[in-house]
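A quick write-up on the structure given underneath.
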Amino acid sequence: MASAAETAPPPLIPLAAQVNSGQGTFTLPAGAVIAVPAGDAQARFAAAQLADQVRRVRGLDLMVRKARQGAAITLALQADAPVAQAEGYTLEVTPSGAHVTARDEAGLYYGAMSLAQLLTPEGAPGADQGPVTIPAQEIRDWPRFSWRGMMLDVARHFQPLDSVKALIDQMAAHKLNRLHLHLTDDQGWRLEIKHYPELTKIGAWRTPPSVVSGPGVVSGPYGGFYTQDQIRDLVAYAAARHVTIVPEIDMPGHGQAVMASYPKIGVTGARPAVAVDWGVNPYLFNVDEASFTFIQTVLDEVMALFPSTYIHVGGDEALKDEWKGSPKVQARMRALGLKDENALQTWFIERVGQYLAAHGRRMIGWDEILEGGIPPTATIMSWRGTKGAVDAARMNHDVILSPAPTLYLDSLQSRRNDEPSGRLAIVTLADIYAYDALPAELDAEQARHVLGGQGNLWTEYMMTPWHVTHAIYPRIDALAEGLWSPKDRRDWRDFLGRLPAQLARYRHLGVDAADSAFAVDFTVEGGPNAALAAGAATVALSNQASFGTIRYTTDGSAPTPASARYEAPLHLTLPAILNAAVFSDAGQMLAAPRRYDLTADALRTRQSGELSACPEGEMGLRIPLTPDATTRAPVFNVNLFDACWVYPKARLNGVTALTVQAARLPRNYGLAHDAVKVRSHPAATPNGELVVRMDGCDGPVAATVPLPSPAKAPAQFPLTTPLPVTTGEHDLCLTYTASIHGPLYAIGSVSLQAEP
Ligand code: ACM
């Protein structure tokens, strides 16, 4: 009978196209040899990467040699290797060894990465070290899509080179092969251009908005850029791992850092500061010859640095106001016979595309470039849903899918109170796993234009490498499987079964992956009010992925694999403390323990994320306290259009007062034409007030508390007010009346105080 190890799915992410089980097992001892053909430097590098992974994760030293004699592992290119597809490989594991063959170097590398995963199959601490025994099997594997990408925005917050390299390492380990670097935006230009030194002397630095100063707050110029030497090093680092870096130079919008450096490239000739505001800013590239000379000169240097066939020229969110308002631009538009500014954008982008084509490159643009008619040389990257990709593929253009919110990795991963900042769409691990990059409405011929997909990480709210890491991992695992593995092999439960080993790899490699999918959630049955009324609660424990075994304690201690196993909702008398964590079958803790305080005070408190927006559905962002550099800044859910929150169904029996933990945040958002949507609540005093209404936002005013002077109060401050005595459940509506042209006020939590 086959042992469990022989029948379990191989611990691969992404899962391989074909896996056939063999007879027996193979044991890899320490000191085993990986043989590579003499003279094949790339195979040698792949072997070294395999050895490095196995050493760092499993603590097992392997040696790379040329002689095949006695080698436990061999890697070799073979012209007639069984898998003919580009980037494919065969990995044969027999009782005497493991052998990877491929027809190209990328395939050989991916075979080595798969073997590294097979050799690190255990997640449970203790079991995951030392000599390893794995089942005999034959894997034949190749990618579903040729474009398996990640985009990293290094413009909004500069990302250190070491962080970019760490991402490349993990992309390669996951068989992802395109790193799109968003190098330029309104808030920063991050690439040294020899011909235009001001782009990095001025354009790489900005003054962060600040409503406070103090420890951890970045007050001086913020920024950074990559020198050309650093980029050459980075490109080579990526190429060795079969990752192509695709540079993006965004135009004609998102160009404020250019105009701050070279005002004449802009439409008005005015010199703005490098943008402080996120969102959409008005500055556009001019459409005159000087502008194209600038762009072409920049692209000459970009092409010299980046061998990628594809060069991304942006094209997103270019507000046309400046073009509409400029007589010169309008005259040029008419002279060119173009009917409107969208057509002008298509002409502009196509002119750049032609320049790239003349140099043997291909242009990619965001889907907005379709608005004035598709530029003939364009490959479309679809972010506003999938329509752009569908339309372009039907017009015989190649497309790449990276739709918001599903593939926007700055979207939050759960509704938990401990999520860091990001966009307030929730994109779970399961959501990314379920995403298919091939739009169902395309026929087979049109589908050939779908190159693949990519996850996009925008960094407005990702201020530190920790935060970037948290946003990417482990959702990159779901992304990689969607882009590599055959659609009919994908299975969410099976993927979850393979994930604990990957989480253990992350632990050994120092990758601080998010545990949102496995963190224990606590739900009080009947809601907190029922528990308050009864002085007791029934608490259900769960985790987002519904995976593993939940274990808990009620004595304040940390849960272990020996703690009580959660079987059914727990009946507890107030006050009580629950600590709980999810464990795999092998006893591996899959998320840090979470604590739930079952006290009357906690049951009467709502954190920022537990309040609803008014109007409903409008919560836009979860933003950090200040543009500071700390790992876990306090975060606040805000609707940029209305400083209005509802504490639903507040139980007011015995309640005499309310305390809001308030925060004053920078209001640095370019809302463009949406600025008119920002709702102002009239203020009665100079700094504005917090107004509390009973029974919804049209109900009677229950309390008004003046806000402190911004010049005097710290950025976080409590506001306490008595409440009229009443009973029953009431929706409390809280609004700030402070000027919508001043700081952005937010709510960290609302708590109700009751008489003892
Ligand atoms: C984008 O999110 N503006 C491409």
Side-chain angles (χ1 to χ4, degrees), residues 147 149-157 159 178-190 246-258 275 277-285 310-320 342 345-346 348-349 352 363-372 374-375 378-392 399-412 421-425 427 432 435 437 451-462 468 471-472 479 620-621 640 668-674:
W147 188 290
M150 273 291 305
M151 186 217 75
L152 182 63
D153 169 11
V154 298
R156 271 51 176 273
H157 280 100
Q159 303 297 320
R178 295 286 185 283
L179 175 59
H180 165 183
L181 284 184
H182 184 73
L183 287 163
T184 73
D185 213 303
D186 297 317
Q187 299 83 7
W189 181 284
R190 307 286 175 221
V246 179
E248 179 186 353
I249 306 294
D250 207 344
M251 62 188 85
H254 287 292
Q256 192 167 332
V258 174
D277 289 351
W278 310 129
V280 178
N281 293 291
Y283 293 89
L284 286 189
F285 281 68
Y310 290 93
I311 307 285
H312 202 308
V313 300
D316 58 323
E317 299 180 317
L319 199 64
K320 305 298 186 303
N342 284 337
Q345 165 153 312
T346 291
F348 179 103
I349 293 286
V352 177
M363 175 261 284
I364 300 180
W366 297 109
D367 57 77
E368 283 94 332
I369 68 172
L370 295 172
E371 285 170 350
I374 193 163
T379 292
I380 298 296
M381 190 172 274
S382 204
W383 74 278
R384 298 177 304 172
T386 56
K387 183 174 184 304
V390 169
D391 290 350
V399 300
I400 298 151
L401 280 292
S402 61
T406 311
L407 295 191
Y408 270 40
L409 296 174
D410 49 337
S411 304
L412 298 190
S421 46
R423 297 178 197 234
L424 266 171
V427 175
I432 297 202
Y435 181 73
L451 303 183
Q454 69 179 35
N456 291 344
L457 187 68
W458 300 98
T459 58
E460 289 94 330
Y461 315 107
M462 308 280 146
V468 167
I472 294 176
L479 178 77
L621 297 169
L640 291 179
N668 60 317
Y669 300 90
L671 297 177
H673 296 170
D674 283 343

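For the single chain, residues carry numbers from 1 onward in sequence order. Order of listing sets the numbers, starting from 1, for every ligand and every atom in it.
Judged by distance alone, the side chain of Asp410 and the main-chain N or O of Arg423 form no donor-acceptor pair under 3.5 Å. Between the side chain of Asp250 and the main chain of Asp185, no donor-acceptor pair closer than 3.5 Å is present.
Taking the six-membered ring for Trp and thresholds of 30 and 60 degrees, Trp458 and Trp366 have ring planes inclined between 30 and 60 degrees apart.
The distance from the CE atom of Met151 to the CG atom of Leu179 is 9.5 Å, given to the nearest 0.5 Å. For the atom pair Tyr310 OH and Thr379 OG1, the distance stands at 4.5 Å (nearest 0.5 Å).
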So what's ligand 1 close to, N/O to N/O, under 3.5 Å?
| from | atom 1 | to | atom 2 | distance (Å) |
| --- | --- | --- | --- | --- |
| ligand 1 | 2 (O) | Tyr408 | OH | 2.6 |
| ligand 1 | 3 (N) | Asp316 | OD2 | 2.7 |
| ligand 1 | 3 (N) | Glu317 | OE1 | 3.2 |

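The side-chain contact (heavy atoms from CB on, under 4.5 Å) with Leu409 is formed by just one residue from the set Leu457, Val427, Asn456, Val468; it is Leu457.
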